[in-house]
Protein chains: 2
Amino acid sequence: MANSTPTAAEATPTAPGHRGVTMADVAKAAGVSRTAVSFVLSNRENASISEETRTRILEAVQALGYRPNAGARALASQRSDWYGIVTEIVTAPFAVDIIKGAQDQAWLDRRFLLIAPSDQADAVGPNKGMEDAAFEKLLEQRVEGLLYAATFHRPVHVPKSANEVPTVLINCFDADGKLPSIVPDERAGGRVAVEHLLQAGHKRIGVINLDPNIPAAVGRLEGCREALAEAGLELDPDLIVAGYATADGGYEAACQILDKYPAGEGRPTALFCLNDRMAMGAYDAIKERGLAIPQDIAVIGFDNQELIAAYLRPKLTTVALPFEEMGALGVQTLASLTAGQPIIAHQQMVDCPLLERYSV
Amino acid sequence: MANSTPTAAEATPTAPGHRGVTMADVAKAAGVSRTAVSFVLSNRENASISEETRTRILEAVQALGYRPNAGARALASQRSDWYGIVTEIVTAPFAVDIIKGAQDQAWLDRRFLLIAPSDQADAVGPNKGMEDAAFEKLLEQRVEGLLYAATFHRPVHVPKSANEVPTVLINCFDADGKLPSIVPDERAGGRVAVEHLLQAGHKRIGVINLDPNIPAAVGRLEGCREALAEAGLELDPDLIVAGYATADGGYEAACQILDKYPAGEGRPTALFCLNDRMAMGAYDAIKERGLAIPQDIAVIGFDNQELIAAYLRPKLTTVALPFEEMGALGVQTLASLTAGQPIIAHQQMVDCPLLERYSV
DNA sequence: CTCGGTTACTAACGCGCGTTACTTCGAGCG
DNA sequence: CGCTCGAAGTAACGCGCGTTAGTAACCGAG
């Protein structure tokens with residue numbers, strides 16, 4: 001301000017922050033070398049810059065509206081501070097939460113998260129190549145690490161290019177068993193759900209199952225059986241009904257259970273629905289029969305699909321899938337990997353917390 | 001392959017695509033200058049490279065697993081091919097769809113979409129600064145254009161830095177009236193909804209309203225009145241009930257309407273719910289009274305919140321908010337702006353299509 | 001044989017920045 | 001006074017690439 005020499009660069013002084021202000025412009029304005037500016041802006045430890053010139057430089061930065069060029073910085077320093085995540089953003093109410101968790105954590109670490117879409121992951125469709133392209137694009141940006149997130153817990157095949165930088169899988173695991181992964185602890189989740197029902201006094205519990213082969217079903221059911229076993233109970237095979245993972249599927253499965261047993265005579269007093277969408281359908285089946293939730297029949301879900309669980313009437317008690325936590329943990333794991341630290345655990349499992357609402 | 005000179009760069013020949021393969025490496029491997037490689041890879045028109053060396057270069061690219069460095073390329077060419085979008089990814093089942101639309105379109109245009117989070121937009125909370133930081137971060141990446149997306153249709157204040165590059169608002173509009181925006185055509189949407197009810201023979205229609213002051217409510221109600229007027233009907237003020245934009249709010253509003261009019265005596269035969277969450281609550285109110293949807297009372301929603309609308313029983317007929325289309329249009333608009341073309345329309349309105357399911 | 005005009009390239013600069021090696025200057029010390 | 005040493009800064013290189021100006025070889029016309 002005091003002795004700022006007007007330069008050509010200040011063509012539009014009323015609009016600071018106009019594009020193309022470089023460190024050289026700042027240096028000229030402050031009357032120092034470009035190196036000095038660089039030292040100040042990167043807060044170098046052992047650089048000796050007097051307090052006076054330091055503030056003069058910072059003033060010039062402010063006045064000109066200088067903004068560093070991330071690309072140039074990455075080029076010169078050979079590090080980008082970027083991570084990449086590829087995920088099916090499409091059908092995915094879940095993927096969003098993973099992204100949010102990852103992005104918030106990245107933001108805390110002063111890193112930037114690049115997001116690339118991959119439409120259907122293992123699609124047979126025409127865009128099988130999209131996923132490879134997504135990885136490719138991210139690597140062109142010279143990301144320092146990669147995250148791969150699936151919308152439901154399952155084994156996946158990841159493009160080979162993922163081997164070029166540290167890569168962590170979220171909500172899925174490497175079918176080839178190489179890459180580290182972060183998954184929900186389905187077993188513990190199933191256990192916590194059923195323990196909650198037991199504590200509420202229920203002894204006869206119906207289960208509305210998913211496709212029995214997917215990891216989620218296997219784990220949750222295992223946890224369910226564990227909890228029952230500890231209470232000296234067993235799961236009645238007649239009370240497990242599988243259905244499509246939709247509200248309609250849940251409705252039909254619930255009907256099947258409720259219609260098999262008249263009131264009192266062996267009818268379960270609680271239903272463990274392996275996901276919230278099915279619980280939504282179960283609600284209808286129960287209400288149709290004039291039964292009250294939770295007085296006549298308690299219902300517990302799984303997933304905590306907010307839009308459903310928090311808006312059903314009564315609000316659904318459920319076990320939450322820890323998407324945000326997994327996203328955050330993914331970034332943390334990536335950070336330690338890119339820092340050169342060894343892989344701590346090949347597969348990290350994250351707890352699924354119980355969310356008590358009003359259906360138990 | 002034939003006469004490839006082994007170089008130090010081929011340290012790990014079994015792992016092509018290892019990091020740090022540069023154009024110079026490719027040039028050396030192909031026995032040409034770096035310039036020649038650059039010409040081939042960027043498909044220059046008036047560069048004369050013989051077909052022979054051309055294929056030799058491409059072979060070297062393949063063999064070494066060369067991958068361009070996007071940052072360096074942006075630095076040299078002074079253009080980045082990147083757009084940025086800042087949005088509240090948080091609470092936002094909607095923002096996701098906007099992002100998807102934008103990202104798919106960007107992908108088609110061979111551009112990359114950088115996503116920055118902005119937690120609560122006009123939050124009073126501690127992270128008011130986050131939004132500015134998001135813009136700042138994106139500008140540091142030298143994005144060529146910016147998108148700003150809100151989760152519900154409303155006026156917004158955008159940080160001044162948005163003026164430095166072309167900026168388009170999506171699902172919101174500039175409170176200062178400067179920036180171009182893309183919003184849903186709420187009025188036409190309300191009209192289409194009510195026309196659909198009229199066509200189904202309904203003449204007495206109840207409206208479950210949102211906060212009457214927000215743009216969505218204003219527009220949708222206006223469209224509703226238009227449709228009625230064209231049929232020679234009027235909206236009975238007694239049949240408009242506002243509530244909180246939740247399932248509970250919808251439940252209470254529906255109760256109020258249904259309890260005021262006993263069957264036959266002026267009870268509406270259809271409910272127009274201004275969003276799907278409220279429709280969800282209205283379903284419960286209707287079912288509780290032993291009425292059937294749509295036989296006794298038809299219900300139509302707005303928003304097409306997939307997780308609700310497609311899973312309610314019966315599935316909800318609703319008017320969709322065109323998030324993906326708005327996202328895509330945003331990128332298209334940005335493309336024309338960055339190409340130097342003038343602003344076509346200050347505010348572009350996108351149609352809200354009717355989705356017929358089973359509740360009317 | 002010379003000369004203009006192509007074809008097929010290459011040398012060299014600069015994008016904006018981080019970083020290393022070097023210079024300059026004044027204070028302190030024997 | 002001569003010397004060293006730290007403080008305060010600067011010149012210059014290179015990151016990987018796009019791009020312009022230029023060069024060398026060849027070819028046909030005069």
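Interface remark: the B/S48 side chain does form a donor-acceptor pair with the C/dA8 base, using a distance-only criterion of under 3.5 Å. Residue B/R44 places no side-chain atom within donor-acceptor reach of the base of D/dG18, judged by atom type and a 3.5 Å distance cut-off alone. One N or O donor and one acceptor, one from the side chain of A/R34 and one from the base of C/dG18, sit under 3.5 Å apart.
Of the two residues near DNA chain D, B/M23 and A/E51, the one whose nearest nucleotide lies more 5' is A/E51. Comparing B/S77 and B/A36 by the nucleotide of DNA chain C whose heavy atom lies nearest to each, the residue mapping closer to the 5' end is B/A36. Looking at which nucleotide of DNA chain C each of B/S33 and A/A76 is closest to, the 5′-most match is held by B/S33.
Of the candidates D/dC17, C/dA11, C/dC9, C/dA11 carries the atom nearest the B/T35 side chain, counting heavy atoms from C-beta on. Closest approach to the A/F39 side chain among C/dT20, D/dG16, C/dC17 is made by C/dT20 (side chain taken as heavy atoms from C-beta onward). The side chain of B/Y66 approaches D/dC17 more closely than any other nucleotide in the set D/dC17, C/dG18, C/dG16. Picking from C/dC17, C/dC9, D/dG18 the nucleotide with the shortest atom distance to the side chain of B/T53 gives C/dC9. Counting only heavy atoms from C-beta on, B/S50 has its side chain closest to C/dC9 among C/dC9, C/dT19, C/dC17. Relative to the side chain of A/I49, the nucleotides C/dT20, D/dG9, C/dG18 differ in distance, and D/dG9 lies closest. Closest approach to the B/S38 side chain among D/dG16, C/dG16, D/dT19 is made by D/dT19 (side chain taken as heavy atoms from C-beta onward).
Using a 4.0 Å cut-off between a side-chain N of Lys or Arg and a carboxylate O of Asp or Glu, B/E59 and B/R56 do not qualify as a salt bridge.
We find that CG of A/D25 is positioned 13 Å from C1' of C/dC17, with the value rounded to whole Å. Separating the CD atom of B/Q78 from the P atom of D/dG16 is a distance of 19 Å, rounded to the nearest angstrom. Rounded to a whole Å, the CG atom of A/L41 is 8 Å from the P atom of C/dG18. Rounded to a whole Å, the CD atom of B/E45 is 13 Å from the P atom of D/dT19. Taking atom CG of residue B/N69 and atom C1' of nucleotide C/dG16, one finds them 14 Å apart after rounding to whole Å. For the pair B/R56 CZ and C/dA8 P, the interatomic distance rounds to 13 Å; values are reported in whole Å. In this structure, CG of A/L75 is placed 14 Å from P of D/dG14, rounded to the nearest angstrom. Regarding A/R73, its CZ atom lies at a distance of 14 Å from the C1' atom of C/dT19, rounded to whole Å.
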>> Does B/V21 form a side chain to side chain contact (heavy atoms under 4.5 Å, CB included) with B/R67? I'd like the steps, not just the answer.
In response: CA-CA 7 Å; B/V21 179; B/R67 181 167 19 237; over 6 Å; no
> Do A/S38 and A/T35 pass the side-chain hydrogen bond (donor to acceptor under 3.5 Å, both in side chains) test, and can you show the C-alpha distance, the side-chain angles, and the key distance before you say yes or no?
Replying inline: CA-CA 5 Å; A/S38 175; A/T35 308; over 6 Å; no
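Side-chain N/O atoms of A/Q348 and A/T333 include a donor and acceptor closer than 3.5 Å. Residues A/S181 and A/Q347 bring a donor and an acceptor atom of their side chains to less than 3.5 Å of each other.
Aromatic ring orientation, B/Y148 versus B/F135: parallel (interplanar angle below 30°, classes split at 30° and 60°).
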